[in-house]
Amino acid sequence: MEAKKQDRGLLRIDRDECKGCGLCIEACPPKVIALSEELNHYGYRTAVYAGSGCTGCGICFMACPEPGAITVLRAVVHSAARTALEGSACASN
Amino acid sequence: MSSDTAVEYEVAQGRSKSFYPRFERKDELQHQTHYCPGCGHGVVHKMLARAIDELGIQDRTILVGPVGCSVFTYYYFDLGNVQAAHGRAPAVSTALKRSRPESIVISYQGDGDLSAIGAAEILHAANRGENITVIFVNNAIYSMTGGQAAPTTLLGQKSTTTPEGRSALGEGYPLHESELLATLEAPVYIERVGLGDNKQIAQAARAIRRAVENQVRGLGFSLVEVLSPCPTIWKMQPVEAQHWVRDVMEKTFPLGVLRDRTREAQPRPAPATPPALEEIPRLLGLEHGERLVKDERQVLNLAGNGSALKRTGERARAAEVDLEVRIAGFGGQGVLLLGEVLAEAGLESGLEVSWLPSYGPEMRSGTSNCHVRLASQSIDSPLVSAPGILVAMNEPSLRKFDRTVRPGGWVIYNGEEFPADCVRPDVRVVALPFTKIAHELGDARASNMIMLGVLLEIAGVLPDASVAAALRRLVRNPRWVELDERAMAGGRARYREMFAEVHA
Amino acid sequence: MRKQLMKGNEAIVKSAILAGCRAFYGYPITPASEITETAALYMPKCGGVFVQAESEVAAINMLYGASAAGVRAMTASSGPGISLMQEGISYMAGAELPCVIADVMRGGPGLGNINSEQGDYNQVVKGGGHGNYHTLVLAPHSVQEMADLTALAFELADRYRNPVFVLADGFVGQMMEPVEFPEQAVAAPTPHWAVTGTAETRSNVINSLHMGADELETHVLELEKKYRLAEQREARAEDWFTDDAEIVLVGYGIVGRILKAVTAEARAAGIKVGLLRPITLYPFPVERFRRLLPRAKLFVVVEMSNGQLLDDVRLALNGARPVEFLSRMGGNVPSHEDVYRFVRERAHALKTAAGAEEERLAHV
């Protein structure tokens with residue numbers, strides 16, 4: 001749980017929309033997508049997120065041929081924390 | 001959750017709002033497209049939808065869908081949708097854009113659609129520099145119809161219609177449509193991209209966005225060709241097909257920008273404001289006001305000649321004006337103009353008129369003739385098969401029609417001597433070298449107007465003012481009007497000299 | 001407005017623009033080229049679009065686009081060009097897009113020649129394209145009708161959301177007659193179904209694809225309803241001395257004019273002849289034929305084609321009366337003298353037959 005919060009990205013995969021072509025698995029740089037063992041309603045093995053390690057790069061989204069099978073989320077740091085982070089970034093320069 | 005570790009997630013990449021939330025193509029499968037797993041169309045759709053989202057043009061965009069696998073675009077894109085016939089999307093898009101210049105028109109086509117059956121339409125839309133965006137999905141095969149060869153099928157590639165593989169001798173070479181279009185002056189932007197790997201995909205998305213943006217900026221014709229996998233027909237796994245794009249297809253169809261004039265291209269000017277509705281009749285040259293003669297028929301009716309001009313016998317028409325004229329000659333002798341002046345003068349005099357030309361190649365050379373009728377009553381047939389007056393500009397024309405002249409009719413013949421074998425006891429003749437007379441007057445080309453002068457004397461039904469008005473209407477050059485008027489007067493005088501005793 | 005002497009081909013365009021047409025896409029062909037030329041001259045001046053297309057195939061598909069965008073649009077061509085347009089016409093009928101197409105007929109088949117003929121009847125009236133549809137067809141016989149029927153064509157096209165033809169022949173297109181236009185130009189409203197690139201029209205779809213069997217059948221049946229309605233409401237014909245006619249001449253376009261001359265001649269000779277001139281060829285004025293049955297003994301179809309109109313007349317009469325046929329082709333015209341002779345012979349034969357019948361009855 002703690003590790004997951006550290007990820008810059010997060011994936012949601014709509015198992016009703018995924019046709020299991022595997023292009024996202026091929027596209028994913030950190031290789032955090034795999035094919036499911038079980039079949040979906042339409043008889044496809046679908047893409048599943050490994051649960052951690054997503055960088056939020058969005059490459060899988062564009063590689064996927066379905067309009068909404070994949071949703072890529074990116075971490076948004078709360079304003080207070082962001083201010084602190086940005087401050088430290090400036091300081092490090 | 002403490003503030004120093006407060007990480008939340010928001011959607012960075014998700015379903016474009018330019019897609020419908022549900023696809024109502026079928027009761028089932030409303031989440032999915034109809035494309036096969038791994039098909040490139042879906043990827044291209046997403047790139048296009050994202051570009052539309054980002055440019056904020058969803059309400060303005062009209063997507064023209066093709067025939068082929070992507071025929072159902074109107075089920076997916078929440079845009080104005082127009083489905084086009086196979087290959088015709090560029091023609092349809094041309095008119096959509098020209099009809100609605102504020103709209104953003106995107107023509108989406110496959111390789112069979114664009115490079116085979118629609119080869120002419122895309123070439124000419126590109127050459128006209130239509131301000132549209134074309135997305136050209138090239139998968140080197142006819143997929144929807146089950147895998148027949150396309151113009152873009154690779155050499156050696158098997159298809160159901162090239163079962164032994166495409167051969168250059170049999171089917172020619174893969175057609176490089178983008179290169180072909182890039183030879184034209186007008187296109188602003190043409191790029192070939194691929195869906196072969198992540199890098200290619202990222203570039204494809206950029207190119208598609210640019211092609212749409214060019215139109216938003218009003219720059220002109222933009223086309224993006226996308227090398228796209230078809231795992232089903234290629235009989236490959238999706239990932240394998242993707243790599244085939246990169247490793248094999250790209251060798252035949254190199255990726256890259258083939259035309260980029262986006263920097264120097266000037267945005268097209270906004271269309272001119274259309275004229276007010278009230279202005280339209282004037283712009284069409286339609287005239288208000290009245291003719292010289294309106295209700296009262298101020299038509300002269302000279303005694304003596306009248307009988308020659310009416311159809312004899314059975315025709316049930318009052319003994320009023322009924323002039324049937326055939327005018328014949330060679331192209332350039334002013335046959336049609338003579339007839340027009342006569343008809344126009346008739347109209348000016350309040351008569352019913354018709355003018356019927358022979359047309360076609362005759363306009364350019366060879367013989368020319370026209371039928372003219374002037375009548376007090378409405379004219380049934382504009383065809384003059386038995387003229388009361390024949391105007392023959394030369395001997396061949398005389399011989400073509402002299403037998404058709406009605407008994408009691410007239411022949412006006414341009415020649416030194418009337419051919420003896422054309423003489424008929426029941427037809428009167430005015431034979432003069434009109435061309436020579438016209439030459440003496442100042443221009444041989446005025447011979448038709450001298451003959452018209454004779455004709456007007458014979459007919460004796462048109463007021464001089466009507467003829468003068470008709471001439472001015474049809475002959476714009478004042479020098480010619482003057483000459484033509486003199487020619488007509490000359491013709492009238494000649495007639496009067498010849499037939500003075502008849503009228504005396 | 002003052003009457004002006006004008007070619008039929010020119011009158012079509014001026015009438016179209018007055019009727020709100022603001023798009024012309026065409027490809028030149030004799031004897032229809034003046035229509036395209038006139039449109040090139042006037043359409044841009046009047047705020048419309050003119051494009052000389054790369055082919056008739058492209059031209060009709062441009063009409064599809066313009067019509068989809070809700071603009072009154074037209075094109076013009078002749079036989080060979082109309083053949084090429086058939087694809088797009090079928091799509092437009094399927095997608096329920098209005099447009100007006102002027103066909104100034106020439107000789108065929110193949111390259112045929114450029115003379116006036118009426119051989120496009122079947123490909124226009126019967127729908128030369130694929131699938132279950134009709135086009136509405138208006139057949140002018142004068143320059144005035146070229147103007148009037150073009151305006152009507154736009155009305156009908158919008159009313160029925162369907163392509164409408166103005167089917168003329170080379171003579172009617174090329175000849176000049178005085179013509180009078182309406183004083184005012186009309187503005188055509190943008191139809192609600194159009195795709196214009198606005199938020200309001202975003203959900204509109206122009207399409208002729210219906211994948212399901214039931215879905216397509218339903219669509220075709222809806223089209224059929226429109227056609228039945230058009231058949232009830234739009235059939236037009238001109239009666240010319242038909243009240244007591246025993247011999248009814250039938251012809252359209254320039255032939256109608258010739259038959260008027262024949263009628264006059266025959267009437268002067270005491271022969272009871274009339275002319276029924278179909279003005280709409282689809283819907284065919286079937287009722288107008290039936291109305292003449294009490295007095296008519298014989299129908300004579302005259303056309304400049306090989307019996308194409310004849311078929312429709314026979315269907316309309318359904319065997320109720322004999323139908324005779326006179327035709328010239330290739331640019332030849334059935335002269336009024338020839339037709340008159342034909343009519344006189346038939347009138348004589350009818351009289352002889354009637355006399356024989358009387359004699360037979362007298363002997364019974």
Side-chain angles (χ1 to χ4, degrees), chain B residues 58-62 71 74 78-85 88 91-96 98-100 102-105 120-121 123-124 272 274-275 277 280-281 283-284 286-291 314-317 340 343-344 347 352-357 359-361 380-383 385-386, chain C residues 1-5 14 17-18 23 25 30-31 42 45-47 49 51 54-55 58 61-66 68-69 71 87-88 91 114 170-171 174-178 181 185 187 195-199 201-202 204-209 257-258 260-261 264-265 267-269 333 335-337:
Chain B
Q58 186 179 10
D59 285 340
R60 290 166 64 195
T61 302
I62 302 173
V71 70
Y74 57 89
D78 184 1
L79 306 168
N81 279 286
V82 176
Q83 204 285 319
R88 318 298 175 218
V92 172
S93 301
T94 292
L96 280 163
R98 289 191 182 224
S99 301
R100 305 289 173 190
E102 290 303 309
S103 66
I104 303 300
V105 178
E121 282 78 6
L123 182 76
H124 289 275
L277 221 46
I280 299 291
L283 290 168
L284 291 174
L286 301 178
E287 299 163 41
H288 291 276
E290 301 302 334
R291 293 272 167 189
E314 321 87 339
R315 304 202 93 196
R317 202 174 285 111
E340 265 188 80
E344 186 74 41
L347 178 62
E352 299 289 338
V353 301
S354 66
W355 174 94
L356 179 72
Y359 59 85
D380 41 35
S381 174
L383 289 146
S385 45
Chain C
M1 198 159 284
R2 179 174 178 152
K3 274 195 176 186
Q4 276 175 275
L5 195 61
K14 293 187 171 177
I17 292 174
L18 288 171
Y25 299 90
T30 306
Y42 291 109
K45 280 184 193 169
C46 296
V49 175
V51 175
E54 57 270 29
S55 68
N61 282 282
M62 288 174 184
L63 243 63
Y64 184 102
V71 174
E87 172 198 77
Y91 273 76
I114 58 167
F171 285 131
Q174 295 291 329
M175 74 184 182
M176 286 204 287
E177 287 183 316
F181 293 96
V195 177
T196 64
T198 57
T201 63
R202 202 178 82 198
N204 288 347
V205 179
I206 301 298
N207 173 40
S208 64
L209 178 66
R257 298 291 290 273
I258 295 162
K260 282 184 174 178
E265 199 160 342
R267 285 277 164 180
V333 181
S335 71
H336 83 257
E337 290 86 354

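We name chains A, B, ... by the order of the sequence lines, and we start the count at 1 in each one.
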I'd like to know if the side chain of C:Lys45 and the backbone of B:Leu283 have a donor-acceptor N/O pair within less than 3.5 Å.
no
For C:Ala69, does its backbone N or O pair with a side-chain atom of B:Arg100 as donor and acceptor, under 3.5 Å?
yes
Can you confirm whether B:Leu383 sits close enough to C:Val333 that some side-chain heavy atom of one is under 4.5 Å from a side-chain heavy atom of the other?
yes
So which part of C:Ala185 gets closer than 4.5 Å to some heavy atom of chain B, the side chain, the backbone, both or neither?
both
With a 4.5 Å cut-off on side-chain heavy atoms, are B:Arg98 and C:Val51 touching?
yes
So for B:Glu102, is it side chain, backbone, both, or neither that comes closer than 4.5 Å to the heavy atoms of chain C?
neither
Which atom names give the shortest non-hydrogen contact between B:Ala95 and C:Ala66, and what distance separates them?
CB-N, 3.4 Å
Does a donor on one side chain and an acceptor on the other come within less than 3.5 Å for C:Glu337 and B:Ser385?
yes
Identify which part of B:Ala343 has an atom lying under 4.5 Å from any heavy atom of chain C, answering side chain, backbone, both or neither.
both
Within this structure, what is the CG-OH distance for the pair C:Leu209 and B:Tyr74, rounded to the nearest 0.5 Å?
4.0 Å
Among B:Thr61, B:Val71, B:Leu96, who wins on heavy-atom pairs under 4.5 Å with chain C?
B:Leu96
What closest approach, in Å, do B:Glu121 and C:Glu54 show between heavy atoms, and which atom pair accounts for it?
CA-OE2, 3.2 Å
Between chain B and each of C:Ala187, C:Ala23, C:Ser208, C:Ser335, count heavy-atom pairs under 4.5 Å; write down the option with the most.
C:Ala187
C:Asn207 versus chain B, the contacting section by heavy-atom distance below 4.5 Å
both
Distance (rounded to the nearest 0.5 Å) between C:Met62 CE and B:Ser99 OG:
11.0 Å
The test is side chain to side chain contact (heavy atoms under 4.5 Å, CB included); show your working for C:Ile206 and B:Asn81 and say whether it passes.
CA-CA 6 Å; C:Ile206 301 298; B:Asn81 279 286; over 6 Å; no
Return the CD to CD distance between B:Glu344 and C:Gln4, rounded to the nearest 0.5 Å.
8.5 Å
To the nearest 0.5 angstrom, please state how far the CG atom of B:Leu286 sits from the CD1 atom of C:Ile17.
9.5 Å
Relative to chain C, which of B:Ser103, B:Ala84, B:Ala120, B:Gly80 shows the most heavy atom pairs under 4.5 Å?
B:Gly80
What's the verdict on side chain to side chain contact (heavy atoms under 4.5 Å, CB included) for B:Arg88 and C:Glu87, showing C-alpha distance, side-chain angles and the deciding distance?
CA-CA 10 Å; B:Arg88 318 298 175 218; C:Glu87 172 198 77; 2.9 Å; yes
Rounding to 0.5 Å, atoms CZ (C:Phe171) and OG (B:Ser354) come to a distance of 12.0 Å
Do the side chains of C:Arg202 and B:Asp59 get close enough for a salt bridge, i.e. N-O under 4.0 angstrom?
yes
Minimum heavy-atom distance B:Asp380-C:Ala264, with the two atoms named:
OD2-CB, 4.3 Å
Minimum-distance pair of heavy atoms, taken over all atoms of B:Val82 and C:Tyr64:
CG1-CE2, 3.7 Å
Taking side chain as C-beta onward, heavy atoms only, is C:Arg257 less than 4.5 Å from B:Pro382?
yes
So which of B:Leu79, B:Leu123, B:Ile104, B:Thr94 has the biggest tally of heavy-atom pairs under 4.5 Å with chain C?
B:Leu79
